[in-house]
> 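After the C-alpha coordinates below, expect a handful of questions from me.
Values below: every heavy atom of this structure, side chains too, minus hydrogens, waters and symmetry copies. Fair warning: this is a prediction, and the values are worked out from it, not measured in the lab.
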Amino acid sequence: METFDELYYTDPCAREFDARVTSCEPAEGGFAIALDATAFYPTGGGQPGDRGTLVPADAPAPAPAAAQGTPEGEPTATEAPGTVHVREAVPGAEPGTVLHLTDAPLAVGTRVHGTLDWTWRRDNMEAHTGEHIVSGIVHALFGYENVGFHMGEKCIEVDFDGILTPEQALDVERRANQAVRDDVPVRALLPTPEQLDAMDYRSKKDHDGQIRVVVIDGVDSCACCGTHVATTGQVGLVKILRVGTKKKKTRIELLCGRRALELCEDLTGRLRDTSNFLSVADEDVPDAVRRLSGEKDELKHLLKQANRKIIDQEVASFSPTGALLTCYRDGLDVDELRYLCERALERTEATTCAALSPAAAGDGRIAYVLASEDADLRAACKQLNGRLNGRGGGKPHMVQGSWAATRAEAEAAIAELLG
(Lines give C-alpha, C1' and ligand atoms only; values in the text may rest on other atoms or scores of the structure.)
Protein backbone atom coordinates (compact mmCIF):
# COMPACT_ATOMS: atom_id res chain seq x y z
CA MET A 1 0.00 0.00 0.00
CA GLU A 2 1.28 3.48 -0.87
CA THR A 3 2.36 5.26 2.34
CA PHE A 4 3.30 8.59 0.73
CA ASP A 5 6.39 8.87 2.94
CA GLU A 6 9.09 9.30 0.28
CA LEU A 7 11.03 12.55 0.12
CA TYR A 8 9.19 13.73 -2.99
CA TYR A 9 6.05 13.74 -0.82
CA THR A 10 7.38 14.71 2.60
CA ASP A 11 9.74 17.38 1.27
CA PRO A 12 8.71 18.17 -2.34
CA CYS A 13 11.17 21.07 -2.54
CA ALA A 14 14.19 18.87 -1.72
CA ARG A 15 16.73 19.23 -4.52
CA GLU A 16 19.41 16.96 -3.05
CA PHE A 17 19.46 13.93 -0.75
CA ASP A 18 21.64 11.07 0.48
CA ALA A 19 20.71 7.41 0.17
CA ARG A 20 22.03 3.86 -0.23
CA VAL A 21 21.74 1.58 -3.28
CA THR A 22 19.52 -1.43 -2.49
CA SER A 23 19.46 -3.03 -5.94
CA CYS A 24 20.87 -2.55 -9.42
CA GLU A 25 19.69 -4.56 -12.41
CA PRO A 26 20.25 -4.28 -16.17
CA ALA A 27 17.38 -2.51 -17.94
CA GLU A 28 16.63 -1.41 -21.47
CA GLY A 29 19.07 1.37 -22.36
CA GLY A 30 21.09 1.03 -19.13
CA PHE A 31 20.33 0.06 -15.55
CA ALA A 32 17.51 0.26 -12.99
CA ILE A 33 18.72 1.32 -9.55
CA ALA A 34 16.64 1.26 -6.35
CA LEU A 35 17.54 3.33 -3.27
CA ASP A 36 16.48 3.15 0.36
CA ALA A 37 15.20 6.74 0.04
CA THR A 38 14.70 9.11 -2.88
CA ALA A 39 13.54 12.60 -3.83
CA PHE A 40 13.05 11.51 -7.46
CA TYR A 41 9.35 11.47 -8.32
CA PRO A 42 8.50 8.41 -10.45
CA THR A 43 6.46 8.77 -13.64
CA GLY A 44 2.75 8.53 -12.86
CA GLY A 45 -0.55 10.32 -12.62
CA GLY A 46 0.14 12.15 -15.86
CA GLN A 47 3.36 13.67 -14.47
CA PRO A 48 6.78 12.79 -15.96
CA GLY A 49 9.40 11.23 -13.72
CA ASP A 50 12.27 13.25 -12.35
CA ARG A 51 15.77 13.18 -13.77
CA GLY A 52 19.18 14.19 -12.45
CA THR A 53 22.33 12.53 -11.10
CA LEU A 54 23.56 10.06 -8.49
CA VAL A 55 27.14 10.46 -7.25
CA PRO A 56 28.87 7.87 -5.03
CA ALA A 57 29.62 9.37 -1.62
CA ASP A 58 33.29 8.34 -1.86
CA ALA A 59 33.75 9.85 -5.35
CA PRO A 60 36.68 12.28 -5.52
CA ALA A 61 35.85 15.96 -5.72
CA PRO A 62 35.43 17.24 -9.28
CA ALA A 63 38.56 18.76 -10.76
CA PRO A 64 38.25 22.47 -11.56
CA ALA A 65 38.14 23.25 -15.25
CA ALA A 66 40.07 26.12 -16.77
CA ALA A 67 38.39 29.50 -16.51
CA GLN A 68 36.24 30.24 -19.57
CA GLY A 69 35.62 33.95 -19.21
CA THR A 70 33.42 33.78 -16.09
CA PRO A 71 32.58 37.21 -14.63
CA GLU A 72 35.12 36.82 -11.83
CA GLY A 73 37.52 34.74 -13.85
CA GLU A 74 37.06 31.82 -11.42
CA PRO A 75 37.44 28.19 -12.55
CA THR A 76 34.22 26.26 -13.09
CA ALA A 77 33.70 22.79 -11.58
CA THR A 78 33.38 19.74 -13.82
CA GLU A 79 31.17 16.74 -13.09
CA ALA A 80 32.37 14.47 -10.28
CA PRO A 81 34.01 11.21 -11.40
CA GLY A 82 31.63 8.26 -11.17
CA THR A 83 28.53 10.40 -11.72
CA VAL A 84 25.54 8.32 -12.81
CA HIS A 85 22.85 10.07 -14.84
CA VAL A 86 19.18 9.36 -14.10
CA ARG A 87 17.22 9.82 -17.32
CA GLU A 88 13.89 9.00 -15.64
CA ALA A 89 12.50 7.75 -12.35
CA VAL A 90 9.72 5.16 -12.73
CA PRO A 91 7.55 3.13 -10.32
CA GLY A 92 8.94 -0.18 -9.10
CA ALA A 93 7.03 -3.43 -8.87
CA GLU A 94 5.82 -2.69 -5.33
CA PRO A 95 3.70 0.37 -4.47
CA GLY A 96 5.84 3.22 -3.20
CA THR A 97 9.08 1.87 -4.70
CA VAL A 98 11.08 3.80 -7.29
CA LEU A 99 13.50 2.65 -9.98
CA HIS A 100 16.06 5.13 -11.28
CA LEU A 101 16.82 4.41 -14.96
CA THR A 102 20.51 5.24 -15.37
CA ASP A 103 23.34 5.12 -17.87
CA ALA A 104 25.73 3.21 -15.56
CA PRO A 105 25.51 0.70 -12.67
CA LEU A 106 26.15 1.26 -8.98
CA ALA A 107 27.08 -1.51 -6.55
CA VAL A 108 24.51 -2.53 -3.94
CA GLY A 109 25.34 -0.84 -0.64
CA THR A 110 26.95 2.22 -2.26
CA ARG A 111 26.14 5.47 -0.51
CA VAL A 112 25.11 8.10 -3.06
CA HIS A 113 24.27 11.77 -3.20
CA GLY A 114 21.28 12.45 -5.44
CA THR A 115 20.67 15.75 -7.21
CA LEU A 116 17.48 16.52 -9.10
CA ASP A 117 17.27 18.45 -12.34
CA TRP A 118 15.41 21.15 -10.45
CA THR A 119 14.28 23.13 -13.47
CA TRP A 120 12.57 20.01 -14.78
CA ARG A 121 10.96 19.20 -11.42
CA ARG A 122 9.85 22.78 -10.77
CA ASP A 123 8.34 23.02 -14.27
CA ASN A 124 6.33 19.86 -13.59
CA MET A 125 5.18 21.06 -10.16
CA GLU A 126 3.98 24.35 -11.67
CA ALA A 127 2.30 22.49 -14.53
CA HIS A 128 0.57 19.95 -12.31
CA THR A 129 -0.71 22.60 -9.92
CA GLY A 130 -1.89 24.74 -12.85
CA GLU A 131 -3.78 21.74 -14.25
CA HIS A 132 -5.55 21.29 -10.90
CA ILE A 133 -6.58 24.94 -10.93
CA VAL A 134 -7.97 24.72 -14.48
CA SER A 135 -9.70 21.37 -13.92
CA GLY A 136 -11.22 22.55 -10.65
CA ILE A 137 -12.61 25.69 -12.27
CA VAL A 138 -14.04 23.76 -15.25
CA HIS A 139 -15.67 21.28 -12.87
CA ALA A 140 -17.14 24.07 -10.72
CA LEU A 141 -18.47 26.07 -13.69
CA PHE A 142 -19.70 23.32 -16.01
CA GLY A 143 -19.67 20.07 -14.04
CA TYR A 144 -17.26 18.43 -16.50
CA GLU A 145 -14.83 15.75 -15.32
CA ASN A 146 -11.17 15.60 -16.22
CA VAL A 147 -11.02 12.29 -18.12
CA GLY A 148 -7.48 12.54 -19.50
CA PHE A 149 -4.28 14.31 -18.54
CA HIS A 150 -0.76 14.35 -19.97
CA MET A 151 2.15 16.63 -19.16
CA GLY A 152 4.70 17.06 -21.95
CA GLU A 153 7.56 19.47 -22.45
CA LYS A 154 5.68 21.41 -25.14
CA CYS A 155 2.30 21.60 -23.41
CA ILE A 156 -0.13 20.05 -20.96
CA GLU A 157 -3.13 18.24 -22.47
CA VAL A 158 -6.33 17.96 -20.44
CA ASP A 159 -9.47 16.19 -21.72
CA PHE A 160 -12.95 17.01 -20.37
CA ASP A 161 -16.16 15.07 -20.92
CA GLY A 162 -18.10 18.05 -22.27
CA ILE A 163 -17.93 20.89 -24.77
CA LEU A 164 -16.10 24.13 -23.99
CA THR A 165 -16.28 27.07 -26.38
CA PRO A 166 -13.21 29.26 -26.93
CA GLU A 167 -14.98 32.04 -25.04
CA GLN A 168 -15.63 29.74 -22.08
CA ALA A 169 -12.00 28.58 -22.13
CA LEU A 170 -10.85 32.21 -22.03
CA ASP A 171 -13.06 32.77 -18.99
CA VAL A 172 -11.51 29.69 -17.35
CA GLU A 173 -8.02 31.05 -18.07
CA ARG A 174 -8.86 34.42 -16.50
CA ARG A 175 -10.29 32.75 -13.41
CA ALA A 176 -7.24 30.48 -13.18
CA ASN A 177 -4.86 33.42 -13.21
CA GLN A 178 -7.00 35.16 -10.58
CA ALA A 179 -6.52 32.05 -8.43
CA VAL A 180 -2.77 32.35 -9.04
CA ARG A 181 -2.81 35.99 -7.94
CA ASP A 182 -4.81 35.06 -4.83
CA ASP A 183 -1.83 32.91 -3.77
CA VAL A 184 -3.85 30.43 -1.71
CA PRO A 185 -2.27 27.33 -0.09
CA VAL A 186 -1.94 24.03 -1.93
CA ARG A 187 -2.20 21.24 0.64
CA ALA A 188 -1.70 17.47 0.30
CA LEU A 189 -3.92 15.61 2.80
CA LEU A 190 -3.98 11.95 3.85
CA PRO A 191 -7.53 11.65 5.23
CA THR A 192 -8.82 8.69 7.20
CA PRO A 193 -11.65 6.68 5.60
CA GLU A 194 -14.13 8.55 7.79
CA GLN A 195 -12.70 11.93 6.83
CA LEU A 196 -12.66 10.90 3.16
CA ASP A 197 -16.34 9.98 3.25
CA ALA A 198 -17.14 13.51 4.37
CA MET A 199 -15.00 15.17 1.66
CA ASP A 200 -16.14 16.42 -1.74
CA TYR A 201 -13.26 15.72 -4.12
CA ARG A 202 -12.63 14.81 -7.75
CA SER A 203 -11.22 11.41 -8.69
CA LYS A 204 -10.81 9.66 -12.05
CA LYS A 205 -11.07 6.15 -10.57
CA ASP A 206 -11.64 4.19 -7.40
CA HIS A 207 -8.60 3.67 -5.19
CA ASP A 208 -7.67 1.03 -2.64
CA GLY A 209 -5.77 1.90 0.53
CA GLN A 210 -4.66 5.35 1.55
CA ILE A 211 -5.87 8.15 -0.70
CA ARG A 212 -3.99 11.41 -1.03
CA VAL A 213 -6.15 14.47 -1.70
CA VAL A 214 -4.66 17.71 -2.97
CA VAL A 215 -6.71 20.69 -1.83
CA ILE A 216 -6.46 24.20 -3.27
CA ASP A 217 -8.55 26.42 -1.04
CA GLY A 218 -11.60 27.71 -2.85
CA VAL A 219 -10.49 26.21 -6.18
CA ASP A 220 -10.16 22.42 -6.23
CA SER A 221 -10.02 19.20 -4.27
CA CYS A 222 -8.74 16.15 -6.12
CA ALA A 223 -7.23 12.72 -5.45
CA CYS A 224 -3.68 12.99 -6.77
CA CYS A 225 -0.28 11.36 -6.33
CA GLY A 226 1.76 14.09 -8.04
CA THR A 227 3.98 16.89 -6.75
CA HIS A 228 2.80 20.47 -6.48
CA VAL A 229 3.99 23.91 -5.45
CA ALA A 230 3.12 25.21 -1.98
CA THR A 231 0.79 28.03 -3.03
CA THR A 232 -1.03 28.95 -6.23
CA GLY A 233 1.09 32.10 -6.56
CA GLN A 234 4.11 29.90 -7.22
CA VAL A 235 2.47 28.71 -10.46
CA GLY A 236 3.14 32.20 -11.83
CA LEU A 237 1.02 32.07 -14.98
CA VAL A 238 -1.57 29.86 -16.69
CA LYS A 239 -1.92 30.17 -20.47
CA ILE A 240 -4.39 28.14 -22.56
CA LEU A 241 -2.94 27.58 -26.04
CA ARG A 242 -5.63 25.64 -27.90
CA VAL A 243 -9.17 24.34 -27.43
CA GLY A 244 -10.35 21.42 -29.54
CA THR A 245 -13.64 19.51 -29.47
CA LYS A 246 -14.40 16.00 -30.72
CA LYS A 247 -17.21 13.55 -29.94
CA LYS A 248 -18.69 15.72 -27.18
CA LYS A 249 -15.32 16.08 -25.48
CA THR A 250 -12.92 19.00 -25.20
CA ARG A 251 -9.13 18.94 -25.16
CA ILE A 252 -7.35 21.96 -23.72
CA GLU A 253 -3.65 22.51 -24.31
CA LEU A 254 -1.99 24.83 -21.82
CA LEU A 255 1.31 25.91 -20.31
CA CYS A 256 2.07 27.05 -16.78
CA GLY A 257 4.81 28.86 -14.93
CA ARG A 258 8.22 29.31 -16.55
CA ARG A 259 7.21 27.58 -19.77
CA ALA A 260 4.15 29.84 -20.15
CA LEU A 261 6.32 32.91 -19.50
CA GLU A 262 8.88 31.80 -22.10
CA LEU A 263 6.10 31.29 -24.63
CA CYS A 264 4.74 34.78 -23.98
CA GLU A 265 8.24 36.24 -24.34
CA ASP A 266 8.71 34.37 -27.61
CA LEU A 267 5.33 35.45 -29.02
CA THR A 268 5.94 39.05 -27.92
CA GLY A 269 9.28 39.00 -29.72
CA ARG A 270 7.66 37.67 -32.89
CA LEU A 271 4.97 40.33 -32.69
CA ARG A 272 7.63 43.00 -32.29
CA ASP A 273 9.55 41.70 -35.32
CA THR A 274 6.34 41.70 -37.36
CA SER A 275 5.33 45.21 -36.29
CA ASN A 276 8.82 46.50 -37.12
CA PHE A 277 8.69 44.82 -40.53
CA LEU A 278 5.27 46.35 -41.25
CA SER A 279 6.24 49.70 -39.71
CA VAL A 280 3.15 49.78 -37.52
CA ALA A 281 2.48 49.69 -33.79
CA ASP A 282 2.10 46.26 -32.18
CA GLU A 283 -1.64 46.73 -31.70
CA ASP A 284 -2.06 47.61 -35.40
CA VAL A 285 -0.47 44.39 -36.71
CA PRO A 286 -3.79 42.48 -37.25
CA ASP A 287 -5.28 45.32 -39.31
CA ALA A 288 -2.05 45.71 -41.29
CA VAL A 289 -1.94 41.97 -42.07
CA ARG A 290 -5.59 41.97 -43.19
CA ARG A 291 -4.91 44.98 -45.40
CA LEU A 292 -1.87 43.33 -46.98
CA SER A 293 -3.84 40.11 -47.51
CA GLY A 294 -6.56 42.07 -49.32
CA GLU A 295 -3.98 43.85 -51.45
CA LYS A 296 -2.34 40.54 -52.31
CA ASP A 297 -5.67 39.03 -53.37
CA GLU A 298 -6.40 42.07 -55.55
CA LEU A 299 -2.96 41.86 -57.17
CA LYS A 300 -3.44 38.13 -57.82
CA HIS A 301 -6.76 38.91 -59.49
CA LEU A 302 -5.18 41.62 -61.65
CA LEU A 303 -2.28 39.33 -62.54
CA LYS A 304 -4.64 36.54 -63.54
CA GLN A 305 -6.58 38.95 -65.78
CA ALA A 306 -3.33 40.15 -67.36
CA ASN A 307 -2.14 36.58 -67.91
CA ARG A 308 -5.42 35.66 -69.61
CA LYS A 309 -5.09 38.63 -71.96
CA ILE A 310 -1.58 37.47 -72.85
CA ILE A 311 -2.88 33.93 -73.39
CA ASP A 312 -5.63 35.28 -75.67
CA GLN A 313 -3.00 37.14 -77.70
CA GLU A 314 -0.81 34.04 -77.96
CA VAL A 315 -3.70 31.81 -78.96
CA ALA A 316 -4.60 34.29 -81.71
CA SER A 317 -1.12 33.74 -83.17
CA PHE A 318 -1.31 29.92 -83.17
CA SER A 319 -1.46 28.17 -86.53
CA PRO A 320 -1.54 24.44 -85.81
CA THR A 321 -0.74 22.22 -88.79
CA GLY A 322 -2.72 19.26 -87.51
CA ALA A 323 -5.33 18.21 -85.01
CA LEU A 324 -2.84 18.37 -82.10
CA LEU A 325 -1.57 21.65 -80.61
CA THR A 326 1.20 21.48 -77.95
CA CYS A 327 2.06 24.67 -76.01
CA TYR A 328 4.86 25.11 -73.46
CA ARG A 329 4.78 28.36 -71.41
CA ASP A 330 6.70 29.40 -68.29
CA GLY A 331 4.90 30.68 -65.20
CA LEU A 332 1.37 29.35 -65.79
CA ASP A 333 -0.63 27.67 -63.06
CA VAL A 334 -3.11 24.86 -63.70
CA ASP A 335 -6.06 27.25 -64.03
CA GLU A 336 -4.21 29.19 -66.71
CA LEU A 337 -3.19 25.98 -68.49
CA ARG A 338 -6.84 24.94 -68.59
CA TYR A 339 -7.79 28.38 -69.91
CA LEU A 340 -5.13 28.11 -72.62
CA CYS A 341 -6.51 24.74 -73.73
CA GLU A 342 -10.09 25.98 -73.78
CA ARG A 343 -9.19 29.06 -75.84
CA ALA A 344 -7.03 27.04 -78.25
CA LEU A 345 -9.86 24.60 -78.93
CA GLU A 346 -12.31 27.48 -79.42
CA ARG A 347 -10.17 29.64 -81.71
CA THR A 348 -7.95 27.27 -83.72
CA GLU A 349 -8.45 24.27 -85.95
CA ALA A 350 -6.88 21.95 -83.34
CA THR A 351 -9.14 19.31 -81.80
CA THR A 352 -6.67 18.31 -79.05
CA CYS A 353 -4.49 20.67 -77.02
CA ALA A 354 -1.64 19.94 -74.58
CA ALA A 355 -0.57 22.88 -72.40
CA LEU A 356 2.63 22.53 -70.34
CA SER A 357 4.49 24.66 -67.80
CA PRO A 358 7.18 24.11 -65.12
CA ALA A 359 5.38 23.02 -61.91
CA ALA A 360 4.96 25.76 -59.32
CA ALA A 361 6.69 23.66 -56.65
CA GLY A 362 10.00 24.20 -58.45
CA ASP A 363 10.88 20.51 -58.15
CA GLY A 364 11.69 20.03 -61.84
CA ARG A 365 8.33 18.49 -62.69
CA ILE A 366 6.16 19.66 -65.59
CA ALA A 367 2.53 20.59 -64.98
CA TYR A 368 0.20 19.55 -67.77
CA VAL A 369 -3.37 19.94 -68.97
CA LEU A 370 -4.68 17.88 -71.90
CA ALA A 371 -8.01 18.79 -73.49
CA SER A 372 -9.97 17.49 -76.48
CA GLU A 373 -13.18 18.41 -78.23
CA ASP A 374 -14.35 14.82 -78.66
CA ALA A 375 -11.72 12.24 -77.64
CA ASP A 376 -11.61 10.47 -74.27
CA LEU A 377 -8.14 11.30 -72.90
CA ARG A 378 -8.14 9.15 -69.77
CA ALA A 379 -6.40 6.14 -71.31
CA ALA A 380 -3.75 8.34 -72.94
CA CYS A 381 -3.27 10.17 -69.66
CA LYS A 382 -2.62 6.87 -67.88
CA GLN A 383 -0.07 5.85 -70.51
CA LEU A 384 1.70 9.23 -70.37
CA ASN A 385 1.85 9.07 -66.57
CA GLY A 386 3.43 5.64 -66.81
CA ARG A 387 6.04 6.71 -69.34
CA LEU A 388 6.86 10.08 -67.76
CA ASN A 389 6.67 9.14 -64.05
CA GLY A 390 3.56 11.25 -63.68
CA ARG A 391 0.43 11.57 -61.64
CA GLY A 392 -2.97 13.02 -62.36
CA GLY A 393 -6.22 12.38 -64.17
CA GLY A 394 -9.60 13.95 -64.74
CA LYS A 395 -12.70 13.83 -66.92
CA PRO A 396 -12.94 12.30 -70.39
CA HIS A 397 -12.24 15.51 -72.32
CA MET A 398 -9.81 17.20 -69.89
CA VAL A 399 -7.07 15.73 -67.68
CA GLN A 400 -4.33 17.37 -65.64
CA GLY A 401 -1.37 16.54 -63.43
CA SER A 402 2.42 16.63 -63.52
CA TRP A 403 5.30 14.62 -64.95
CA ALA A 404 8.87 14.08 -63.79
CA ALA A 405 10.32 14.54 -67.26
CA THR A 406 12.08 17.04 -69.45
CA ARG A 407 10.20 19.24 -71.87
CA ALA A 408 11.61 17.29 -74.82
CA GLU A 409 10.54 13.94 -73.31
CA ALA A 410 7.05 15.24 -72.59
CA GLU A 411 6.51 16.75 -76.03
CA ALA A 412 7.83 13.60 -77.79
CA ALA A 413 5.50 11.34 -75.78
CA ILE A 414 2.51 13.61 -76.46
CA ALA A 415 3.23 13.63 -80.17
CA GLU A 416 3.53 9.84 -80.25
CA LEU A 417 0.32 9.11 -78.34
CA LEU A 418 -1.93 12.00 -79.36
CA GLY A 419 -0.50 13.21 -82.66
> What's the verdict on salt bridge (charged side-chain N to carboxylate O under 4.0 Å, His left out) for Lys309 and Asp312, showing C-alpha distance, side-chain angles and the deciding distance?
CA-CA 5 Å; Lys309 288 182 179 179; Asp312 287 341; over 6 Å; no
> Would His113 and Glu16 satisfy side chain to side chain donor-acceptor pair (under 3.5 Å), going step by step from the backbone distance to the final call?
CA-CA 7 Å; His113 183 75; Glu16 301 181 28; 2.5 Å; yes
> Do any N or O atoms from the side chain of Thr250 and from the backbone of Gly162 form a donor-acceptor pair under 3.5 angstrom?
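It does hold such a pair.
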> Carefully, step by step, assess Glu336 and Asn307 under the rule side chain to side chain donor-acceptor pair (under 3.5 Å).
CA-CA 8 Å; Glu336 291 162 342; Asn307 282 341; 2.8 Å; yes
> Is a side-chain donor-acceptor pair under 3.5 Å present for Glu6 with Thr38?
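Not at all, the side chains of Thr38 and Glu6 share no donor-acceptor pair under 3.5 Å.
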> For Asp183, which residues count as a side chain to side chain donor-acceptor pair (under 3.5 Å) partner, sequence neighbours excluded?
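Listed in chain order: Thr231.
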> Starting from the C-alpha separation in whole Å, work towards a yes-or-no answer on side chain to side chain donor-acceptor pair (under 3.5 Å) for Gln305 and Arg308.
CA-CA 5 Å; Gln305 287 183 323; Arg308 291 198 171 194; over 6 Å; no
> Could you walk me through whether Arg329 and Leu332 pass the side chain to side chain contact (heavy atoms under 4.5 Å, CB included) check?
CA-CA 7 Å; Arg329 295 291 182 272; Leu332 299 187; 3.6 Å; yes
> Does this structure show an ion pair linking Arg259 with Glu262, if we count only N-O contacts that are shorter than 4.0 Å?
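No, this pair does not count.
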> Is the shortest heavy-atom distance from the side chain of Thr22 to the side chain of Val108 under 4.5 Å?
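The answer is no; the side chains never approach within 4.5 Å.
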> Could you give the distance from CZ (Phe149) to CD1 (Ile156), rounded to the nearest 0.5 Å?
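Rounded to the nearest 0.5 Å, the CZ-CD1 separation comes to 6.0 Å.
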> What I'd like to find out is whether the side chain of Glu131 reaches to under 4.5 Å of the side chain of Met151, using heavy atoms alone.
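Glu131 does not reach Met151 side chain to side chain.
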> Testing the basics here: between Glu373 and Leu345, what is the closest heavy-atom pair and its distance to 0.1 Å?
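So the minimum-distance heavy-atom pair works out to OE2-O, 3.2 Å.
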> Once rounded to the nearest 0.5 Å, what's the spacing between atom CD of Glu153 and atom CG of Asn124?
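Those atoms lie 8.5 Å apart.
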> For Arg87 and Asp103, what are the C-alpha separation, side-chain angles and deciding distance, and is it a salt bridge (charged side-chain N to carboxylate O under 4.0 Å, His left out)?
CA-CA 8 Å; Arg87 69 175 183 273; Asp103 58 350; over 6 Å; no
> What orientation do His228 and His128 show, parallel under 30°, tilted 30 to 60°, or perpendicular over 60°?
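Tilted, since the angle between the ring planes falls between 30° and 60°.
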> Please determine whether a side-chain nitrogen of the Lys or Arg among Asp117 and Arg51 lies less than 4.0 Å from a carboxylate oxygen of the Asp or Glu.
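Looking at Asp117 and Arg51, the cut-off is met.
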> Would you compute the distance between atom CD of Glu25 and atom OG of Ser23 and round it to the nearest 0.5 angstrom?
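So the gap between those two atoms works out to 6.0 Å.
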> Do the two ring centres, one from Phe142 and one from Phe160, sit under 6.0 Å apart?
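Ring-ring flag for Phe142/Phe160: false, centres at least 6.0 Å apart.
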> Can any side-chain N or O of Asp159 pair as donor or acceptor with the backbone N or O of Val147 at less than 3.5 Å?
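Pair absent, no side-chain N/O of Asp159 close to backbone of Val147.
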> Is Arg175 salt-bridged to Asp171, cutoff N-O under 4.0 Å?
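A salt bridge is present here (some side-chain N lies under 4.0 Å from a carboxylate O).
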> Distance from Leu356 atom CG to Tyr328 atom OH, nearest 0.5 Å?
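Going from CG on Leu356 over to OH on Tyr328, the span is 7.5 Å.
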> Knowing that exactly one of Thr129, Val186, Val229 qualifies, which makes a side-chain contact (heavy atoms from CB on, under 4.5 Å) with Gln234?
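Between Gln234 and the candidates, side-chain contact (heavy atoms from CB on, under 4.5 Å) is satisfied uniquely by Val229.
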> Test side chain to side chain contact (heavy atoms under 4.5 Å, CB included) on Arg378 and Lys382; report intermediate values, then the result.
CA-CA 6 Å; Arg378 289 175 294 185; Lys382 186 174 182 179; over 6 Å; no
> Does Leu54 reach the side chain of Val86, with side-chain heavy atoms less than 4.5 Å apart?
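The answer is yes; the side chains approach within 4.5 Å.
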> For Arg187, enumerate each residue passing the salt bridge (Lys or Arg N to Asp or Glu O under 4.0 Å) test, keeping only those at least two apart in sequence or located in another chain.
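For Arg187 the salt bridge (Lys or Arg N to Asp or Glu O under 4.0 Å) partners, ignoring immediate neighbours, are Asp217.
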> Please determine whether side chain to side chain donor-acceptor pair (under 3.5 Å) holds for the pair Asp333 and Tyr339, giving the CA-CA distance in whole Å, both sets of side-chain angles, and the decisive distance to 0.1 Å.
CA-CA 10 Å; Asp333 62 22; Tyr339 182 79; over 6 Å; no
> Among Lys154, Arg242, Lys239, find the one that has a side chain to side chain donor-acceptor pair (under 3.5 Å) with Glu253.
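Testing each of Lys154, Arg242, Lys239 against Glu253, the sole residue satisfying side chain to side chain donor-acceptor pair (under 3.5 Å) is Arg242.
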> Please determine if Arg338 and Glu342 form a salt bridge, counting it only when a charged side-chain N lies under 4.0 Å from a carboxylate O.
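Here Arg338 does not pair with Glu342 in a salt bridge, since their nearest N and O are not under 4.0 Å apart.
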> Under 6.0 Å between ring centres: does that hold for Tyr144 and His139?
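No, they do not, as the ring centres are separated by 6.0 Å or more.
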> Which residues pass the side chain to side chain donor-acceptor pair (under 3.5 Å) test with Asp282, not counting sequence neighbours?
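Expected list: Arg272, Ser275.
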> Should the pair Asp161-Lys249 be classified as a salt bridge under the 4.0 Å nitrogen-to-oxygen rule?
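Answer for the salt bridge query: no.
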> Please lay out, stage by stage, how Arg111 and Asp58 fare under the test salt bridge (charged side-chain N to carboxylate O under 4.0 Å, His left out).
CA-CA 8 Å; Arg111 302 295 301 180; Asp58 58 356; over 6 Å; no
> Look at Arg251 together with Glu157 and state whether they make a salt bridge at an N to O cut-off of under 4.0 Å.
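Looking at Glu157 together with Arg251, the answer is yes, because their closest N to O distance falls below 4.0 Å.
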> Evaluate the criterion side chain to side chain contact (heavy atoms under 4.5 Å, CB included) for residue pair Leu35 and His100; output intermediate values, then yes/no.
CA-CA 8 Å; Leu35 306 173; His100 305 76; 3.6 Å; yes
